[in-house]
Structures are given as structure tokens and as C-alpha cells.
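The sequence lines fix the lettering, A, B, ..., with proteins before strands; numbering per chain opens at 1.
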Amino acid sequence: MSADMVVTVVGSALLILGAAIIASAAIGLLKLPDVYTRTSAIGTAAGLGVSLMIVGVVVLDFNTLNLIKGIFAIIAQLLTSAIGSFVLARASYMSGSEPVATTVPDELADQADQASAR
Amino acid sequence: MIPDIVVAVTLGLLALSIVFAVVRAWRGPTPGNSAVAGDLIFFAFIGAVAVIGVWLSMEAVMDIILIAALLGFLSVLSLARLIQGSKR
């Protein structure tokens with residue numbers, strides 16, 4: 001197997017794996033019971049999926065500039081997907097959507113009460 | 001460069017996830033659900049841009065992905081602000 005073929009197979013596998021992880025996040029978006037579990041599914045799975053697809057693009061189209069851009073894009077993607085899902089879940093809580101009944105620790109309850117009292 | 005079957009499978013999976021997200025945004029029931037669905041649609045769009053860029057061997061594909069990963073954050077923040085209303 002030549003080196004060119006190895007590059008094609010590895011890059012294609014990374015692209016398909018990333019797309020499959022994004023699709024699994026979409027299935028979770030339909031199946032999970034409340035907005036917080038859905039936000040968790042999207043924030044973790046879609047961040048990982050997009051990162052894997054970026055690695056696949058860098059492998060398939062390799063040069064030094066693409067490598068640097070890819071590293072920066074993955075760092076930005078992981079940071080912003082985590083922070084974005086946290087902010088979305090907090091905004092949902094503050095606007096008063098109910099979590100499922102089995103959610104046990106509810107540490108934001110005091111802050112939500114204060115916010116609605118103001 | 002990249003086999004056509006890989007492009008077909010990847011774009012099919014991403015299209016399926018966009019359809020699921022649109023269904024969730026339609027059903028709701030709260031605005032938070034629609035915002036999360038929009039977030040997933042954005043991620044799937046980045047993936048589709050990456051695949052199509054490699055398929056057509058575009059030069060600028062990494063630039064597009066980098067800018068999208070940096071700026072997608074702002075849309076999520078403004079959606080969260082919109083959901084939350086005037087409450088902090």
C-alpha cells in the first residue's frame with residue numbers, strides 16, 4: 001500500500017467518524033428528555049465531531065500552513081463549543097424551563113429565584 | 001484525492017443530522033431547544049464546508065473553517081441572551 005493511499009484512507013476514516021459523531025448528537029437531540037441533556041449532547045459530541053473532521057481535512061490536504069490553521073481551529077472549536085453550551089443551558093434555566101424530575105442537585109435554584117425577584 | 005463514496009456518506013450523515021435538528025427546532029417546546037438545534041445545524045454546516053472544500057480541492061477551506069469556528073461562538077452567545085431576556 002503506497003503512502004498516498006494510506007493518507008486517503010486515514011483522512012476519509014476521520015471525516016466519516018466525525019460526521020457519524022455529529023449524527024449521533026442529532027439522534028440525541030431528538031431522543032433525550034429535556035433541554036439540558038440535549039445541550040450536553042450537542043456541546044460534547046458536536047465539538048469532538050467537528051474537531052475530528054478538521055483533523056481529517058488537514059491529513060488529506062497537508063502542508064505547514066494548513067497544520068497551523070487546523071490547530072488553531074481545533075482549539076477555538078473545543079473552547080467555544082464548551083462555553084457556548086454552558087451559556088445556553090444557563091440561559092434556559094434562567095428563563096424557567098423545567099429539568100426532568102430525576103435531576104438531583106439543583107445548585108442554580110437560588111440564583112434563579114434572585115433573578116426572577118429583581 | 002478523496003473517493004466520491006466518502007463524500008456521499010459524509011454529506012448524507014450531515015444532512016440527516018440537519019433534518020433531525022430542524023425537527024427538534026420545529027417541535028420545541030421551549031426557545032432553548034430551538035437554540036440548541038441551531039447550534040447543531042451550524043456544526044453540521046462547518047463539517048459540510050470541510051468535506052466539499054476537500055472534494056473540490058479549494059485553497060481557502062482551512063481559512064473558512066477557522067473563521068467559522070471563531071465566529072460561531074458569537075451567534076450562540078446572542079441566542080442565549082435572546083432566550084434569557086432581561087434577567088441576568
With heavy-atom distances below 4.5 Å as the criterion, would you say the side chains of A/L48 and A/T44 are in contact?
no
When the 4.5 angstrom heavy-atom criterion is applied to A/I27 and chain B, the contacting part is both
Please answer: with hydrophobic residues joined when any side-chain heavy atoms are less than 4.5 Å apart, are B/L40 and A/F86 in the same cluster? no
Bottom line for B/A68: the part with an atom under 4.5 Å from chain A's heavy atoms is neither
Quick check: is A/L78 connected to A/F72 through a chain of hydrophobic side chains (ILVMFWY, heavy atoms under 4.5 Å apart)?
no
Looking only at A/V58, A/L60, A/I22, A/D4, most heavy-atom pairs under 4.5 Å shared with chain B are made by A/I22
So, the part of B/I46 with a heavy atom under 4.5 Å from chain A: the answer is side chain
Taken in chain and number order and not counting sequence neighbours, the residues that satisfy side chain to side chain contact (heavy atoms under 4.5 Å, CB included) with A/V59 are A/V7, A/V10, A/L14, A/V55
Is it the case that the side chain of B/D63 and the backbone of B/L66 share a donor-acceptor pair, with hydrogens and angles ignored and the cut-off at 3.5 Å? no
Checked B/T30, B/V61, B/L14 vs chain A; the most non-hydrogen pairs under 4.5 Å come from B/L14
Scored by heavy-atom pairs under 4.5 Å with chain A, the best of B/G32, B/A69, B/G72 is B/A69
The interface call for A/V57 against chain B, heavy-atom contacts under 4.5 Å, is both
- Any sub-3.5 Å donor-acceptor pair from B/R24's side-chain atoms to A/L29's backbone N or O? yes
